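Presented below is the structure to which this report refers.
Quick caveat, the model's predicted, so the values are computed rather than measured.
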Amino acid sequence: MIRKIETLFDEQVRPALAAHGGNVEIIDIDNGKLFVKLSGGCQGCSSSSATLKDGIERMIKQAFPEIEEVVDLTDHESGEKPYFS
């Protein structure tokens with residue numbers, strides 16, 4: 001399943017995040033939860049929670065109904081160049 005999610009990320013999610021210098025990494029899948037970490041421009045961005053819940057999580061749940069939640073493990077307080085709009 002991780003490979004299929006990686007493909008979805010590569011084709012649909014990462015290009016949009018890259019437009020703002022961001023990226024998303026899959027950390028783990030456990031008990032119906034997908035754990036991810038945002039980086040680059042997404043780390044520390046005030047819109048990252050909306051991106052995660054309204055974009056990434058919606059897309060994942062649609063393609064993979066067995067995933068009930070996407071959990072953000074990002075340390076949004078640190079990072080060299082967080083993106084703020």
Side-chain angles (χ1 to χ4, degrees):
M1 180 184 298
I2 288 179
R3 277 184 269 179
K4 290 180 181 180
I5 295 172
E6 285 284 0
T7 299
L8 176 75
F9 280 6
D10 285 344
E11 292 174 355
Q12 298 183 35
V13 177
R14 289 186 176 119
L17 297 179
H20 296 281
N23 196 12
V24 62
E25 172 188 356
I26 296 172
I27 303 299
D28 197 9
I29 297 175
D30 186 37
N31 248 0
K33 295 182 181 181
L34 172 66
F35 297 89
V36 300
K37 183 177 176 183
L38 300 170
S39 61
C42 294
Q43 183 179 7
C45 177
S46 60
S47 297
S48 63
S49 61
T51 298
L52 186 76
K53 293 296 176 185
D54 297 336
I56 296 172
E57 185 173 81
R58 182 183 52 79
M59 202 176 296
I60 289 293
K61 285 180 170 181
Q62 211 169 33
F64 304 95
E66 58 273 29
I67 301 292
E68 299 167 6
E69 182 182 6
V70 177
V71 179
D72 184 7
L73 298 177
T74 309
D75 176 7
H76 287 284
E77 299 298 316
S78 65
E80 289 183 28
K81 297 180 183 179
Y83 177 83
F84 291 97
S85 56

- Task: Write down the atom of C42, the atom of G22, and the distance for their closest heavy-atom approach.
- Result: SG-CA, 3.8 Å
- Message: If I compare all heavy atoms of D75 with all of Q43, which pair ends up nearest, and what's the gap?
- Response: O-NE2, 2.8 Å
- K53 atom NZ: more than 12 heavy-atom contacts under 6.0 Å: yes
- Is there a donor-acceptor pair closer than 3.5 Å between any side-chain N or O of N31 and the backbone N or O of K33? no
- Nearest 0.5 Å, what's the CG-CG distance between L34 and D72? 10.5 Å
- 4.5 Å side-chain heavy-atom contact, L52 and V36: yes
- Query: Roughly how far, to the nearest 0.5 Å, is CD1 of I26 from CD1 of I60?
  - Reply: 6.5 Å
- Please report the shortest heavy-atom distance between E69 and K61, naming the atom on each side. N-CE, 4.3 Å
- Task: List the atom of E57, the atom of V70, and the distance in Å for their closest heavy-atom pair.
- Result: OE2-N, 2.7 Å
- Message: Any non-hydrogen side-chain atom of T51 less than 4.5 Å from a side-chain atom of L17?
- Response: yes
- Query: Should M59 and F35 be regarded as members of a common hydrophobic cluster, given that ILVMFWY residues are connected when their side-chain heavy atoms come within less than 4.5 Å of each other, either directly or indirectly?
  - Reply: no
- Message: Just so I know, are the side chains of F64 and L8 near enough to count as touching, which here means a heavy-atom distance under 4.5 Å?
- Response: yes
- Message: Counting C-beta onward and ignoring hydrogens, is there a side-chain heavy-atom pair between S48 and H76 closer than 4.5 Å?
- Response: yes
- Measure the spacing between CG of L73 and CD of E25 and express it to the nearest 0.5 Å. 9.5 Å
- Message: Can you tell me how far apart CG (N23) and CZ (F9) are? Round to the nearest 0.5 Å.
- Response: 9.5 Å
- Message: Can you give me the closest heavy-atom contact between R14 and V24, atom names plus distance?
- Response: NH2-O, 2.8 Å
- Gap separating the CD1 atom of I5 from the CD1 atom of I56, nearest 0.5 angstrom: 11.5 Å
- Query: In the single-linkage hydrophobic clustering (I, L, V, M, F, W, Y; side-chain heavy atoms under 4.5 Å), do V13 and I27 co-cluster?
  - Reply: no
